[in-house]
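FYI, side chains are in, hydrogens and waters are out, and symmetry mates aren't considered; it's all heavy atoms of this structure.
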Amino acid sequence: MTDRPIIPFVSNISAASLNAWSVQLQAALPDFLIVPFDPNFEFANAELALVANPDPDHLSQFPNLKWVQSLWAGVENLVHSLPDDVVIVRMTDPQLAKTMAEAVLTMTLYLHRDLPKYVSQQASGIWEQHDVVLPEDRKVGVLGLGALGRSACAALAQHGFDVLGWSRSPKSIPNVRCFSGEDGLTDLLHVSDIVVVLLPLTTTTRGLLDRSRLSRMKSGASVINFARAQIIETDALLNMLAARHLNHAVLDVFAVEPLPQTDRLWRTDNLTILPHVSAPTNMKTASEVAAKNIATYFRTGQVPDCVDRQRGY
């Protein structure tokens with residue numbers, strides 16, 4: 001046995017990923033012992049747990065559990081499965097925001113420079129040039145102005161795009177025209193050429209972009225979803241794409257992952273599918289963030305900033 005405090009690691013990830021994460025976490029927390037969940041191991045004294053898409057039944061076996069440190073930014077499953085008295089700390093890694101901003105800028109440029117159109121032309125052997133629009137003449141609307149949204153807005157503004165941002169409550173961000181509330185969402189959707197979804201999945205954002213709101217988007221606009229699939233109604237999106245009311249969609253998140261080969265999304269010509277790669281968590285930097293939170297807790301008893309259960313993030 002060891003005198004080091006034991007921290008359980010509860011996950012539902014592949015064995016290879018579990019091992020890799022365990023190595024990184026142990027390296028970041030040398031004064032603690034990271035123990036992957038085992039029903040035969042005694043975790044009765046555990047006050048906190050590291051989690052990555054955990055089975056709630058496993059966490060229910062920790063009678064003294066006070067808080068969990070998620071290794072993912074998305075925590076909607078935890079919000080709905082853990083008892084109210086268990087505090088949820090989401091992963092807020094600055095590297096994650098940088099990676100997401102890079103992905104947003106990449107796919108915005110992909111749409112801005114009409115690359116889907118050129119890919120289609122190549123398949124048909126068509127040589128045809130199209131006018132290039134200046135970035136300042138392209139309005140990019142970002143839904144969600146948390147850490148990821150703010151970083152994405154900064155990258156887009158630095159590149160010269162006309163950036164608009166929307167959030168539930170009023171925000172003020174340099175070089176971004178900010179909108180809020182229902183009227184603000186309608187106004188942003190009406191004028192944006194490209195809409196980027198970076199919202200958390202909550203009871204208020206589920207189905208936010210439904211048929212009614214998608215129909216309010218500017219004719220010929222495109223959408224990028226790097227958040228959660230359930231924020232956009234799939235049938236409504238496909239209908240808008242088929243009718244060419246929307247020009248193109250880039251989807252990185254799906255209700256079922258991996259996306260089944262029989263899913264009709266694969267066969268939608270004006271849709272780009274990515275295998276959930278927009279902002280993967282970096283094991284090294286995320287482990288360092290988790291280690292700092294855990295070390296602070298053991299030193300001071302202070303739990304890090306946590307998820308607001310009412311808001312869901």
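At least one side-chain heavy atom of Leu109 sits under 4.5 Å from a side-chain heavy atom of Leu105. You'll find the side chain of Trp67 reaches within 4.5 Å of the side chain of Ile294, heavy atoms only.
Phe9 and Trp21 have perpendicular rings, their planes meeting at more than 60° on a 0 to 90° scale where under 30° would count as parallel.
Side-chain contact of Arg216 with His190: a donor-acceptor pair under 3.5 Å is absent, judged by distance alone. For the 3.5 Å distance criterion, the side chains of Ser22 and Gln26 fail to qualify, holding no donor opposite an acceptor. Between the side chains of Ser17 and Ser14, at least one donor N or O sits under 3.5 Å from an acceptor N or O. No hydrogens or angles considered: a donor-acceptor pair under 3.5 Å links the side chains of His130 and Gln121. Looking at Ser215 and His245, their side chains never bring a donor and an acceptor atom within 3.5 Å of each other.
One distance of note links CE of Met240 with CG of Asp235; it measures 11.5 Å at 0.5 Å rounding. Rounding to the nearest 0.5 Å gives a distance of 8.0 Å between OG1 of Thr285 and CG of Leu96. Note that CG of Asp93 is 10.5 Å distant from NZ of Lys284, once rounded to the nearest 0.5 Å. For the atom pair CG (Asn282) and CE (Met91), the distance works out to 10.5 Å, reported to the nearest 0.5 Å. Annotation: the span from Leu241 atom CG to Asn270 atom CG amounts to 4.5 Å, rounded to 0.5 Å.
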Pair up each side-chain donor or acceptor in residues 78-90 with any protein partner under 3.5 Å, not counting sequence neighbours, and list the distances.
{"residue": "Ser81", "atom": "OG", "partner": "Asn77", "partner atom": "O", "Å": "2.8"}
{"residue": "Asp84", "atom": "OD1", "partner": "Arg309", "partner atom": "NH1", "Å": "3.4"}
{"residue": "Arg90", "atom": "NE", "partner": "Ala73", "partner atom": "O", "Å": "3.0"}
{"residue": "Arg90", "atom": "NH2", "partner": "Ala73", "partner atom": "O", "Å": "3.1"}

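Checked for salt-bridge contact, Arg213 and Glu182 meet the test: a charged N lies under 4.0 Å from a carboxylate O. Salt bridge absent: Asp308 and Arg168 never bring a charged side-chain N and a carboxylate O closer than 4.0 Å.
In this structure, Val119 stands alone, with no Ile, Leu, Val, Met, Phe, Trp or Tyr side-chain heavy atom under 4.5 Å from its own, directly or through other members. Counting side-chain heavy-atom gaps under 4.5 Å among Ile, Leu, Val, Met, Phe, Trp and Tyr, Val253 is found in no cluster with other residues.
Listed by chain and residue number, Arg211 satisfy the side chain to side chain contact (heavy atoms under 4.5 Å, CB included) test with Asn239 (two or more places apart in sequence, or in another chain). Checked against side chain to side chain contact (heavy atoms under 4.5 Å, CB included), Arg177 has the following partners two or more places apart in sequence or in another chain: Lys139, Asp162, Leu164, Phe179.
Aromatic ring centroids of His276 and Phe254 lie 6.0 Å or more apart.
Listed by first and then second residue, the side chain to side chain donor-acceptor pair (under 3.5 Å) pairs involving residues 40-62 are Glu47-Tyr297 (not counting sequence neighbours).
The environment of Glu136 atom CD is dense: over 12 non-hydrogen atoms of other residues, nucleotides or ligands sit within 6.0 angstrom.
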